[in-house]
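Scroll down for the structure; my scribbles are underneath it.
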2 protein chains.
Amino acid sequence: MKLSDAKLQFVASWGAFGTHWGINRTMAQIHALLLVSPEPLCADDIMEQLNISRGNANMNIRELIDWALVERVIVPGERKEFFAAEKDIWKVVRQIVKERKKRELDPMLKLLGQLSDVEGDRRDKEVKTFTETINNIKRVGEQADKTLETLIKADENWFLGSLMKIFKAG
Amino acid sequence: MKLSDAKLQFVASWGAFGTHWGINRTMAQIHALLLVSPEPLCADDIMEQLNISRGNANMNIRELIDWALVERVIVPGERKEFFAAEKDIWKVVRQIVKERKKRELDPMLKLLGQLSDVEGDRRDKEVKTFTETINNIKRVGEQADKTLETLIKADENWFLGSLMKIFKAG
DNA sequence: TTGAAGTTTCAAAATTTATTGAAAGTATAT
DNA sequence: ATATACTTTCAATAAATTTTGAAACTTCAA
């Protein structure tokens, strides 16, 4: 397969993949493009390669920077900004897990805590089912929270080495 | 907090949560509603409680059944269908992980396999960066694949017990 | 200063996704 | 058979999200 075709396909697929995970297609495509670029790209490069407008490029680049997946790079002798993606995929995964945990899991656990005691007779089937379900979700959520917290702090070697040996043994 | 308010809030939040994960809001809301209902509900119950049309209810219930998160229930003496959600949250998590792995991770790994050898000089910086990035993503993806496979097969006690002890010790 | 180069913003337009509701389809009881 | 109760489908519509592009803003060199 030719490099240019492979790149196109990677960018398109990464974009489609992103949409299944609540990430906007263009943002994922820009990320993919930067991941496979040896040199940092400027806004015009990105606009040209993905056929998108300046506004669109700008907004999605900023979002990627916000997620700490991309950083601004100063290129000596150039006035405009350049952008480069974090290339260490393990760091990328950890970063995404960290952000999504903060934005989604943490608020969900907070809510579940608030919902876990409702007024009313515990022998009432409605009350009982509600309380039990919420508490079960809370338990699993808290477990996930701990697991992800460990994963966020883990370094790759520890994760790929120790954890997997244990998993296989389990 | 009153049960009725707590239910409303849970349904609304579960719906919002779903949208961040590429799941349609109504589907997540129906799931939430069934999770906290002690008895199976029929299409009309769901339509009424969520203020949605029959077509919408029908399509999203079917989708939930497709994901094996909800099942049809025959209620003796009733002609219409009733629906109940799987209440074991650990099973729900495993089921979702299993489906998403099949639908998303597996195809992605297949693609990465195809992209991992491109034509051209390996000393070419473009070729080198592309190949290395794809292979790094592939490695992490394959690791995730194994981990999730183990998780899918694991039973709750094993997971909550052994795994977490190990994580804490790590 | 001024102007050239670059970046950001955001209302309007385009696109995508979700929802409706009525017609068509199915199953069941009589 | 046929009326009744219920489910499914899908074209039309509505809603939500994404994208555009031009104006406003910023920065910097001369």
Side-chain angles (χ1 to χ4, degrees), chain A residues 11-34 39-67 70-84 103-104, chain B residues 11-34 39-67 70-84 103-104:
Chain A
V11 167
S13 302
W14 203 246
F17 198 62
T19 60
H20 288 128
W21 289 86
I23 289 154
N24 139 334
R25 175 180 264 97
T26 302
M27 181 172 156
Q29 286 182 345
I30 294 173
H31 187 218
L33 186 61
L34 291 174
E39 304 296 341
L41 303 181
C42 68
D44 293 86
D45 296 333
I46 293 168
M47 287 162 60
E48 195 190 346
Q49 297 211 41
L50 300 180
N51 266 287
I52 58 174
S53 70
R54 186 172 300 284
N56 195 8
N58 185 273
M59 283 176 122
N60 283 295
I61 291 168
R62 296 228 278 86
E63 188 78 3
L64 284 164
I65 291 171
D66 200 49
W67 279 77
V70 163
E71 61 173 17
R72 282 177 223 274
V73 172
I74 305 294
V75 173
E78 289 276 8
R79 193 153 151 191
K80 60 190 170 190
E81 294 176 322
F82 285 76
F83 306 96
R103 297 174 192 208
E104 294 153 30
Chain B
V11 168
S13 302
W14 202 246
F17 198 63
T19 60
H20 287 128
W21 288 86
I23 289 153
N24 142 328
R25 176 182 263 98
T26 302
M27 181 173 155
Q29 287 182 344
I30 294 174
H31 187 217
L33 186 62
L34 291 174
E39 304 295 341
L41 303 181
C42 69
D44 293 270
D45 296 332
I46 293 167
M47 287 163 60
E48 193 189 349
Q49 297 211 44
L50 300 180
N51 265 286
I52 59 174
S53 70
R54 186 172 300 283
N56 195 8
N58 185 272
M59 282 176 121
N60 284 293
I61 290 168
R62 296 229 278 86
E63 190 77 5
L64 284 165
I65 292 172
D66 201 48
W67 278 77
V70 164
E71 61 174 17
R72 284 178 222 273
V73 173
I74 305 296
V75 173
E78 288 276 8
R79 194 153 151 193
K80 61 190 167 189
E81 294 177 323
F82 285 75
F83 306 96
R103 296 174 192 210
E104 293 152 30

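A quick note: this is a predicted structure, and the numbers were derived from the prediction, not measured. Below, chain A is the first sequence line, B the second, and so on; all start at residue 1.
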Can you give me the first and the last nucleotide of DNA chain D (5' to 3') that has an atom within less than 4.0 angstrom of a non-hydrogen atom in chain A? dT18(D) to dC28(D)

Does the plane of the ring in W14(A) sit parallel, tilted or perpendicular to the ring in H31(A)? Use 30° and 60° as the thresholds.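 Correct class here is tilted.
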
Atom [atom1] of [X] to atom [atom2] of [N]: distance rounded to whole Å?
X	N	atom1	atom2	answer
I74(B)	dA27(C)	CD1	C1'	12 Å
F82(A)	dG6(C)	CZ	C1'	12 Å
M47(A)	dT7(C)	CE	C1'	11 Å
D44(A)	dT8(C)	CG	P	13 Å
I46(B)	dT19(C)	CD1	C1'	16 Å
N24(A)	dT17(C)	CG	C1'	14 Å

Apply side-chain contact (heavy atoms from CB on, under 4.5 Å) to residues L34(A) and I46(A) and explain how you reach the verdict. CA-CA 9 Å; L34(A) 291 174; I46(A) 293 168; 4.3 Å; yes

Which atoms form the tightest heavy-atom contact between [X] and [Y], and what is the distance?
X	Y	result
R54(A)	A43(A)	NH1-CB, 4.4 Å
D66(B)	R103(B)	OD2-NH2, 3.6 Å
A57(A)	I30(A)	O-CD1, 4.2 Å
A28(B)	G18(B)	CB-CA, 4.3 Å

Quick one, which residues of residues 48-58 of chain A touch DNA chain C with a heavy atom under 4.0 Å?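 Only R54(A), G55(A), N58(A) qualify.
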
Quick check for you: to the nearest 0.5 Å, what is the distance between [X] atom [atom1] and [Y] atom [atom2]?
X	Y	atom1	atom2	answer
E63(A)	M27(A)	CD	CE	5.0 Å
K80(B)	D44(B)	NZ	CG	5.0 Å
N60(A)	I52(A)	CG	CD1	6.5 Å

Describe, as an angle rounded to 10 degrees, how the axis at the first end of the helix from dT1(C)-dA30(D) to dT30(C)-dA1(D) is tilted relative to the axis at the last end, five pairs per end. 10°

Check step by step if side-chain contact (heavy atoms from CB on, under 4.5 Å) holds for N58(A) and R62(A). CA-CA 6 Å; N58(A) 185 273; R62(A) 296 228 278 86; 3.7 Å; yes

Sole residue of I65(A), D45(A), L41(A), V73(A) in side-chain contact (heavy atoms from CB on, under 4.5 Å) with F83(A): I65(A)

What nucleotide, of dT28(C), dT9(C), dT7(C), holds the atom closest to the side chain of A43(A)? dT7(C)

Given dT28(C), dT8(C), dT19(C), which nucleotide is nearest the side-chain atoms of R72(A)? dT8(C)

Which comes earlier along DNA chain C counting from the 5' end, the contact point of F83(A) or that of R79(B), where each point is its nearest nucleotide? F83(A)

Taking the nucleotide of DNA chain C with the closest heavy atom to each, which residue, E81(A) or R25(B), is nearer the 5' end?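 Looking at the nearest nucleotide for each, E81(A) comes out on the 5' side.
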
